[in-house]
Amino acid sequence: MLDIKFIRENIELVKKACRDKGEPDVVGDLLIKDDERRELQAEIDEKRHEQKQHSASVGEAIKAGDKKKAEARKNKAKTLSDNIKQLEEKQRVVQAEWEKLMLHVPNIPAQDVPVGGEDANVIVKEWGDIPKFDFDIRDHLDLGDILGILDMERGAKVAGSAFPVLVGDGAKMARGLIALMLDIHRENGFVEIAPPYLANRDAMVGSAQIPKLEDDMYHIQQDDLFLIPTSEVPTTNLHAGEILAEAELPIYYTAYSANFRREAGSYGAETRGLLRVHQFDKVELVKFVLPEESQKEHESLLAEAEKVLQTLEIPYRVKLLATGDMSFAANKVYDLDIWAPAERKWLEVSSCSNFLDFQSRRANIRYRPDGGGALRYVHTLNASGVALPRLLVSLWELGQTERGTIKIPVALVPYFGGMEEIIPRVKIP
RNA sequence: GGAGAGGUGGCCGAGCGGCUGAAGGCAACUGCCUGCUAAGCAGUUAUACGGGCAACCGUAUCGAGGGUUCGAAUCCCUCCCUCUCCGCCA
């Protein structure tokens, strides 16, 4: 969330952010509620001061042995105390309403982010050549079927539609890619994390999935736990409530996890096969950095995610998201899209975001500056590095041959036991 | 899941109804002293919010949330976490 002081001092800027991001503008309501909250707080502080003094005088009277005086003072103190309790009751309500409004104020987009919807996104870079095929190419569903490496129907039987089952070399490829990606990131200084796949409500508020995305997550009612929609959640919350030393920063983590998304209401052509699924694998990158470093760290984080695609030799483009297309919590976002020739479109495989102190305020992640001074909030960033299902779509479609086989990218061969090509082999009945 | 022990400042650790934002120690910082270092002496060292130009003042915070009381780190209740034992189970 934003600093309430910042909001008070930059009302128009915050309102503009709400407009540009397409979020409901609660700023007016928030300011009214904040006045109420502050006045109430001041009143309570004052009353408590009075009550404390009376209370202390009770002790003095008792010590002096003046029972009558003690009783009289006690009664007066009791009245004050009851009065405070009433005010506190009111404060609880006001505070809860205030917090709710605070959680609904989006982060401010960076200055260089284009204003507008999806159409205003800017392609800032393209890498690799889009290949031409001199035969009729198959899409990933056909390839998955021919090679016996993907089974959508049986996944639907077991769990529901959009729960794919990777089979044989399909599953092996997923495993190899996860290992390859983690190795790339580890080599570049990221500490590998194997996180919990369930997270509690506090964690979801901390990384800002709640309130906005609550309905997009699977929820386990019995324990009030959520299946993580991304390992950003457990990883960013790793340091929730902590005070780090400046010398400990920056902290880089990479985490593989399965991810779970309800994707309620999204059906149709966009969701065929592996394009949009309820459970998918992803390797995530998370950074905790000094505020003055976060812009630079954002660029290098993008480069880190790109490294995966370059290693796998997949043509991709980098998109700077416009205000209306970026997430609630983000200050600036790059998306990485890879080319899928049979789909004839770009598939998003990574979102690379700088949140500034938006998440760290919610999760209360601060650091102590060298040489003292007030505690400051760290800046957090994350990027997918990268998500698997669409990566498979692209690799299969790009790597296909006229014979219906799939060539394995050179960098992945060592992770594939030296195998260079997926050919039709054991097919489950 | 059951029984027990515990959770206090950067760390260790005392407190078990008012004089405690919290003794004492360690660590860190500042000054003095000193060929250098060590030791010694004196002092400083939590966070948030509100008020004031400021020195400063007020309020809250001793795992979290409720309660009892004029007054709670201290008593009661619920929950969370850690440890020990038992049970159950990949």
Side-chain angles (χ1 to χ4, degrees), chain A residues 1-9 30-103 194-206 220-227 234 237-249 251 258 357 360-378:
Chain A
M1 62 188 141
L2 296 174
D3 183 356
I4 183 64
K5 274 193 220 152
F6 177 88
I7 297 174
R8 298 191 72 87
E9 287 160 15
L30 174 63
L31 292 175
I32 291 167
K33 192 55 70 181
D34 190 49
D35 284 340
E36 193 181 339
R37 174 187 141 264
R38 282 148 45 109
E39 277 164 28
L40 198 53
Q41 183 64 55
E43 190 183 351
I44 289 174
D45 281 0
E46 205 178 301
K47 289 259 163 69
R48 268 207 274 247
H49 177 54
E50 199 184 336
Q51 204 276 340
K52 270 181 124 174
Q53 287 189 319
H54 264 280
S55 191
S57 76
V58 172
E60 278 162 28
I62 290 171
K63 215 179 274 176
D66 192 341
K67 271 198 168 173
K68 245 190 187 167
K69 203 182 225 177
E71 276 310 310
R73 285 179 176 174
K74 215 186 248 192
N75 287 337
K76 168 89 181 178
K78 171 72 172 160
T79 310
L80 289 169
S81 175
D82 288 345
N83 190 234
I84 289 169
K85 272 187 187 135
Q86 278 178 18
L87 289 172
E88 282 174 338
E89 199 59 45
K90 196 169 159 200
Q91 185 188 36
R92 256 194 281 272
V93 175
V94 170
Q95 183 70 21
E97 289 167 348
W98 180 84
E99 267 162 30
K100 193 172 173 205
L101 289 167
M102 281 293 281
L103 291 179
Y197 287 11
L198 294 167
N200 59 32
R201 192 168 282 277
D202 285 346
M204 289 300 170
V205 171
I220 292 156
Q221 201 170 19
Q222 202 172 11
D223 300 294
D224 198 22
L225 290 171
F226 297 85
L227 278 156
N237 280 287
L238 236 37
H239 294 295
E242 293 185 14
I243 297 170
L244 304 162
E246 178 169 345
E248 292 175 291
L249 299 171
I251 297 170
D357 58 3
S360 61
R361 276 180 193 284
R362 289 180 171 231
N364 199 22
I365 309 168
R366 292 172 294 175
Y367 75 97
R368 194 177 296 284
D370 281 347
L375 300 183
R376 302 176 70 195
Y377 288 100
V378 303

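By convention in this document, chain letters (A, B, ...) are assigned in the order of the sequence lines, proteins followed by strands, and residues within each chain are numbered from 1.
- Nucleotide B/rA60 holds its P atom 9 Å from the CD1 atom of A/I84, rounded to whole Å.
- Going from atom CD1 of A/I243 over to atom P of B/rG10 covers 6 Å, rounded to whole Å.
- Remark: P of B/rA46 and CD of A/E242 are 21 Å apart, rounded to the nearest angstrom.
- Across all strands shown, B/rG71 forms no Watson-Crick or G-U wobble pair with both key distances under 3.5 Å.
- We find that A/E99 and A/K33 are not joined by a salt bridge, their nearest charged nitrogen and carboxylate oxygen being 4.0 Å or further apart.
- Position along RNA chain B of the nearest nucleotide to A/K63 versus A/A42 favours A/K63 as the more 5'-ward residue.
- For the OP1/OP2 pair of B/rC70 and a distance below 4.0 Å, the side-chain nitrogens and oxygens of A/K74 include no atom meeting the criterion.
- Minimum atom distance to the side chain of A/K5 is reached by B/rG50, of the listed B/rG50, B/rU69, B/rG18.
- If you take CD of A/Q95 and C1' of B/rC49, they are 10 Å apart, rounded to a whole angstrom.
- Within 4.0 Å of A/R37, counting heavy atoms only, lies no atom of the nucleic acid at all.
- B/rG50 atom C1' lies 6 Å from atom CG of A/D45, rounded to whole Å.
- B/rG50 and B/rU45 have their P atoms separated by 23 Å, given to the nearest Å.
- A/K52 comes within 4.0 angstrom of the backbone, heavy atoms only, and of no base.
- Comparing the same atom, P, in B/rG71 and in B/rG66 gives a spacing of 16 Å after rounding to whole Å.
- Using a 4.0 Å cut-off, some side-chain N or O of A/S81 falls inside it from OP1 or OP2 of B/rG71.
- Between A/R92 and A/E89, at least one side-chain nitrogen of the basic residue sits less than 4.0 Å from a carboxylate oxygen of the acidic one, meeting the salt-bridge criterion.
- Between A/R8 and A/D35, at least one side-chain nitrogen of the basic residue sits less than 4.0 Å from a carboxylate oxygen of the acidic one, meeting the salt-bridge criterion.
- If you take NZ of A/K47 and P of B/rC70, they are 19 Å apart, rounded to a whole angstrom.
- At the heavy-atom level, A/H54 lies nowhere under 4.0 Å from the strands shown.
- With C1' as the reference atom, B/rG24 and B/rG9 are 13 Å apart, rounded to whole Å.
- Counting any heavy atom pair closer than 4.0 Å across all strands shown, A/I62 reaches a base atom.
- On the C1' atoms, B/rG10 is 27 Å away from B/rC32, given to the nearest whole Å.
- For the pair A/R368 and A/R48, nearest-nucleotide mapping onto RNA chain B gives the more 5' position to A/R368.
- For the P atoms, the distance from B/rA38 to B/rU44 is 23 Å, rounded to whole Å.
- A/D34 has a carboxylate O that lies under 4.0 Å from a charged side-chain N of A/R37, or vice versa, which qualifies the two as a salt bridge.
- Rounded to whole Å, the distance from CZ on A/R201 to P on B/rC80 is 16 Å.
- Distance check on atom C1': B/rG7 versus B/rC12 gives 15 Å, rounded to whole Å.
- A/Q51 comes within 4.0 angstrom of the backbone, heavy atoms only, and of no base.
- Spacing between atom CG of A/N83 and atom P of B/rU69 amounts to 17 Å, rounded to whole angstrom units.
- Judged by distance alone, with hydrogens and angles left aside, the side-chain atoms of A/N237 form a donor-acceptor pair with the main-chain N or O of A/A203 at under 3.5 Å.
- Look at the P atom in both B/rC81 and B/rG21: the space between them is 31 Å, to the nearest Å.
- Side-chain N or O atoms of A/D223 include none that pairs as donor or acceptor with a backbone N or O of A/L225 at under 3.5 Å.
- Using a 4.0 Å cut-off, no side-chain N or O of A/H49 falls inside it from OP1 or OP2 of B/rG58.
- Checked by atom type and distance alone, the side chain of A/R362 pairs as donor or acceptor with a backbone atom of A/V205 at under 3.5 Å.
- Taking atom C1' on both B/rC33 and B/rG43, the two are 15 Å apart, rounded to the nearest angstrom.
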